[in-house]
Undergrad: 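If you scroll down you'll find the structure; I have some questions about it.
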Amino acid sequence: MINEYKIYAIKYAGPLTSSGSTIMWNKDWEKVANRNYYIWCIMGCGETIIVDTGVAPPLAKKLKLTGYINPVEILSRIDVKANEVQRVILSHLHFDHSNGACLFPNAIFYIQEEEYRFWLKDRMASRPPFKSYLDEVSKTYLRSLDGTDRLSLLKGDQPVIPGVECLLAAGHSIANQAVAVNTNKGTAILGSDCAHFFRNYQEDWPSIFIIDLVEWMKTYDKLRAKVSSIDLLFPGHDPIMTDAYPKIAEGITRLV
Ligand SMILES: [Zn+2]
């Protein structure tokens, strides 16, 4: 029998309001949409894996992030001590997912090699369309992990522990990764920003910041083929993850 895990969504900021076209690429210009910022926690079989780190307090203050609470504080509500977390999967290196890496000082970080290389080593990443997506502070922190045993650079689909697998899922970034998790309902997938909202998967339409539209749509095919049922495919920023799932503690809901 394969290990089974529970999955929690941890809302660390929001709601943030923007044009509907943020959620539905090149549509819904006249609408507004609220989105939340999340990290996720996979728990079971004596393991705790964090997916994405959110934003650390200094950047949250600088950006004046609405509804911000330090992810470390929220995790403590389910008895997870950030400084004891052993494994963190980063879906991609946009600031809202990776700035808080420093909040997990003892963890191994699992990142796609191509993603790490692009944001930290490719000059293209310092051009204006990319520049604001990864701040200098987290760049410096992630760079300091280079060559240490706290950085695990993945090449494509790779298991992290039995029942938890990283899946290369490009489109939104150079080498996004989604996380397939074995649960009591079958295979669930934390897709992070492979889609901002459930709607994107349902309507077969991407959200914003597209690096490669063809890869994005291929990612949809790949994730749909892998997940046990479409309701177990979770997006990156949908308020539904807070509003429509059982509340475990303030800011924390159980997805599966
Ligand atoms: Zn995001």
Side-chain angles (χ1 to χ4, degrees), residues 7-25 28 32-41 50-56 59-60 62-71 74 88-101 103-104 109-112 115-116 118-119 125 129-135 137-139 142 166-179 189-201 205-213 215-216 219-220 223 233-242 251 253 255:
I7 304 176
Y8 300 99
I10 289 134
K11 179 200 156 199
Y12 74 87
L16 281 85
T17 304
S18 55
S19 159
S21 63
T22 305
I23 305 306
M24 301 301 280
W25 169 71
D28 291 358
V32 290
N34 287 331
R35 65 188 192 281
N36 289 338
Y37 283 15
Y38 294 97
I39 68 172
W40 297 268
C41 179
I50 303 298
V51 177
D52 290 343
T53 64
V55 171
L59 184 63
K62 190 172 152 194
L63 298 174
K64 299 189 175 75
L65 273 187
T66 308
Y68 175 79
I69 298 174
N70 187 340
I74 312 179
V88 172
I89 296 170
L90 290 179
S91 65
H92 63 303
L93 297 187
H94 290 174
F95 74 91
D96 53 320
H97 300 264
S98 66
N99 172 264
L103 303 174
F104 300 90
F109 288 85
Y110 297 83
I111 309 171
Q112 286 290 323
E115 182 74 5
Y116 188 84
F118 177 76
W119 290 102
F130 303 105
K131 208 176 172 179
S132 59
Y133 280 86
L134 183 62
D135 65 289
V137 175
S138 42
K139 238 185 213 175
L142 291 169
C166 288
L167 306 172
L168 177 61
H172 174 70
S173 187
I174 290 281
N176 269 68
Q177 56 185 355
V179 186
I189 292 181
L190 290 171
S192 188
D193 287 359
C194 290
H196 278 59
F197 278 23
F198 287 102
R199 260 188 84 189
N200 298 110
Y201 291 123
W205 196 266
S207 41
I208 57 149
F209 200 56
I210 297 170
I211 258 185
D212 188 325
L213 185 51
E215 284 303 313
W216 191 308
T219 283
Y220 277 8
L223 301 186
L233 178 49
F234 296 99
H237 291 272
D238 202 327
I240 290 174
M241 285 187 284
T242 302
T253 46
L255 299 180

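Counting starts at 1 for both ligands and their atoms, in listed order.
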Undergrad: Between Y220 and Y201 (judged by ring centroids, cut-off 6.0 Å), do the two rings come close enough to count as a pair?
TA: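 Centroid separation for Y220 and Y201: below 6.0 Å.
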Undergrad: Enumerate the protein N/O/S atoms at a distance below 2.8 Å from the Zn ion (ligand 1), ignoring waters.
TA: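 Per the 2.8 Å query on the Zn ion (ligand 1), atoms found are D96 OD2, H97 NE2, D193 OD2, H237 NE2.
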Undergrad: Quick one: are the ring centres of W119 and H92 less than 6.0 Å apart?
TA: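 Here the rings of H92 and W119 have centres that are no less than 6.0 Å from each other.
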Undergrad: H237 and side chain to side chain donor-acceptor pair (under 3.5 Å): which single residue from N34, T22, D96 fits?
TA: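 Considering N34, T22, D96, a side chain to side chain donor-acceptor pair (under 3.5 Å) with H237 is found only for D96.
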Undergrad: Looking only at the aromatic ring of each residue, does the gap between the centers of F130 and F118 stay below 6.0 angstrom?
TA: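 When the ring centroids of F118 and F130 are compared, they turn out to be within the sub-6.0 Å range.
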Undergrad: Can you name the residues that form a side-chain hydrogen bond (donor to acceptor under 3.5 Å, both in side chains) with N99, not counting sequence neighbours?
TA: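 side-chain hydrogen bond (donor to acceptor under 3.5 Å, both in side chains) list for N99, sorted by chain: D135.
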Undergrad: Taking the six-membered ring for Trp, are the ring centroids of Y37 and H97 within less than 6.0 Å of each other?
TA: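 No, ring centres 6.0 Å or more apart.
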